[in-house]
Participant: 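The structure's right below; bear with me while I get my questions together.
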Amino acid sequence: MTEPLVCNHTEITQELFREGAKAQLNQKYNRMAAKVALALLAALAVLAVLMRLMSGDFASLGFELIIFALVLGWIRIALPRVECKRAYQAFESRCGGFTGREVSFFEDHLLVEPETGESVSVAYEDITDVQETQHTLTLTYGGGTVLLDKEGFSQGSAAEARALLSAQ
């Protein structure tokens with residue numbers, strides 16, 4: 001086997017996990033919030049028409065608007081936080097508490113070696129999404145996600161890792 005071009009060691013803490021997962025969860029919950037918002041708007045429109053036909057009084061629509069805002073706030077703020085915490089606990093449980101991993105970047109693939117000893121090789125062409133935050137680089141592929149601490153590069157840098165990924 002050839003020598004790796006870039007190496008990273010990441011100790012995945014809950015804060016790092018949350019930061020890396022936030023972008024993915026935001027995409028998921030933005031779609032969900034949009035669908036729920038449309039459904040609630042349709043329900044409010046039907047309610048407004050019914051209220052107009054029955055009594056002509058729209059005063060009680062204020063309560064429905066408050067419920068509408070609370071539901072959307074829960075979907076966009078509370079639900080991602082709860083799911084992220086639950087996902088991190090599941091991750092820790094799967095890893096048996098070993099949250100460190102070495103990731104080595106080669107010419108055409110990367111090798112993820114968790115402390116549990118079960119290494120995974122991922123071809124760059126199998127990586128479907130790369131997201132970057134202030135402290136993390138998150139790589140998504142068919143079989144899962146690789147979270148990298150941008151400060152964890154012992155050989156090379158995050159920019160070199162991105163260059164390897166984009167060259168494919």
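Not measured: the values here are computed from a predicted model.
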Participant: Taking side chain as C-beta onward, heavy atoms only, is Thr99 less than 4.5 Å from Glu92?
Facilitator: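 Yes. Closest side-chain heavy atoms under 4.5 Å.
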Participant: Side chains of Cys84 and Arg18, heavy atoms from C-beta outward: is any pair under 4.5 Å?
Facilitator: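 Touching, per the 4.5 Å side-chain cut-off.
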Participant: Hey, are the side chains of Arg162 and Leu137 touching, using non-hydrogen atoms and a 4.5 Å cut-off?
Facilitator: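 In short, these two side chains touch, coming nearer than 4.5 Å.
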Participant: If you take all heavy atoms of Ser104 and Pro4, which pair is closest and at what distance?
Facilitator: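 Looking at all heavy atoms of both residues, the closest pair is CB-CB, 3.8 Å.
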Participant: So, taking the atom named CG in Leu165 and the one named CD1 in Ile127, what distance separates them when rounded to the nearest 0.5 Å?
Facilitator: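 Output value for this atom pair is 4.5 Å.
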Participant: Is Leu5 reachable from Val146 through a run of I, L, V, M, F, W or Y residues, each pair having side-chain heavy atoms under 4.5 Å apart?
Facilitator: yes
Participant: Please verify the inter-ring angle class for Phe105 with Phe153; under 30° counts as parallel, over 60° as perpendicular, anything in between as tilted.
Facilitator: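 Ring orientation of Phe105 relative to Phe153: tilted.
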Participant: If only atom types and distance count, is the side chain of Glu160 paired as donor or acceptor with the main-chain N or O of Val6 below 3.5 Å?
Facilitator: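 Here the side-chain-to-backbone pair does not exist.
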Participant: Do Trp74 and Val82 have side chains that get closer than 4.5 Å, going by heavy atoms?
Facilitator: no
Participant: Would you check if the side chain of Glu19 reaches a backbone N or O of His135 as a donor-acceptor pair within less than 3.5 Å?
Facilitator: yes
Participant: Can you hop from Val112 to Val130 via hydrophobic side chains spaced under 4.5 Å?
Facilitator: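 They do share one cluster, since a chain of ILVMFWY contacts under 4.5 Å joins Val112 to Val130.
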Participant: Among Leu111, Leu110, Leu139, Val103, which residue meets the side-chain contact (heavy atoms from CB on, under 4.5 Å) test with Val122?
Facilitator: Leu110
Participant: Find the distance between CG (Leu147) and OG1 (Thr133) and round it off to the nearest 0.5 Å.
Facilitator: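 Separation between the atoms: 8.0 Å.
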Participant: Do Lys150 and Glu132 touch side chain to side chain, with heavy atoms closer than 4.5 Å?
Facilitator: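 Yes, their side chains come closer than 4.5 Å.
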Participant: Would you say that more than 12 heavy atoms from the other residues, nucleotides or ligands in this model lie under 6.0 Å from the CD of Glu151, or not?
Facilitator: no
Participant: Determine whether a donor-acceptor pair (N or O, by modelled atom type, separation under 3.5 Å) exists between the side chain of Tyr141 and the backbone of Ala123.
Facilitator: no
Participant: Calculate, to the nearest 0.5 Å, the distance between atoms NE2 and CZ belonging to His9 and Arg101 respectively.
Facilitator: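 Reported value, rounded in 0.5 Å steps: 9.5 Å.
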Participant: For the residue pair Phe91 and Tyr88, categorise the inter-ring angle as parallel (less than 30°), tilted (30 to 60°) or perpendicular (more than 60°).
Facilitator: tilted
Participant: Check whether Thr128 reaches the backbone of Thr140 with its side chain - one donor and one acceptor, N or O, closer than 3.5 Å.
Facilitator: yes
Participant: Ignoring hydrogens and angles, tell me if any N or O in the side chain of Asn8 forms a donor-acceptor pair with the backbone of Asp149 under 3.5 Å.
Facilitator: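 Yes, the answer is positive, given that a donor and an acceptor are paired below the 3.5 Å cut-off.
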Participant: Going from CG on Leu16 to CG on Leu148, what distance comes out if it is rounded to the nearest 0.5 angstrom?
Facilitator: 9.0 Å
Participant: Is there side-chain contact between Leu41 and Phe68, with at least one heavy-atom pair below 4.5 Å?
Facilitator: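 In contact.
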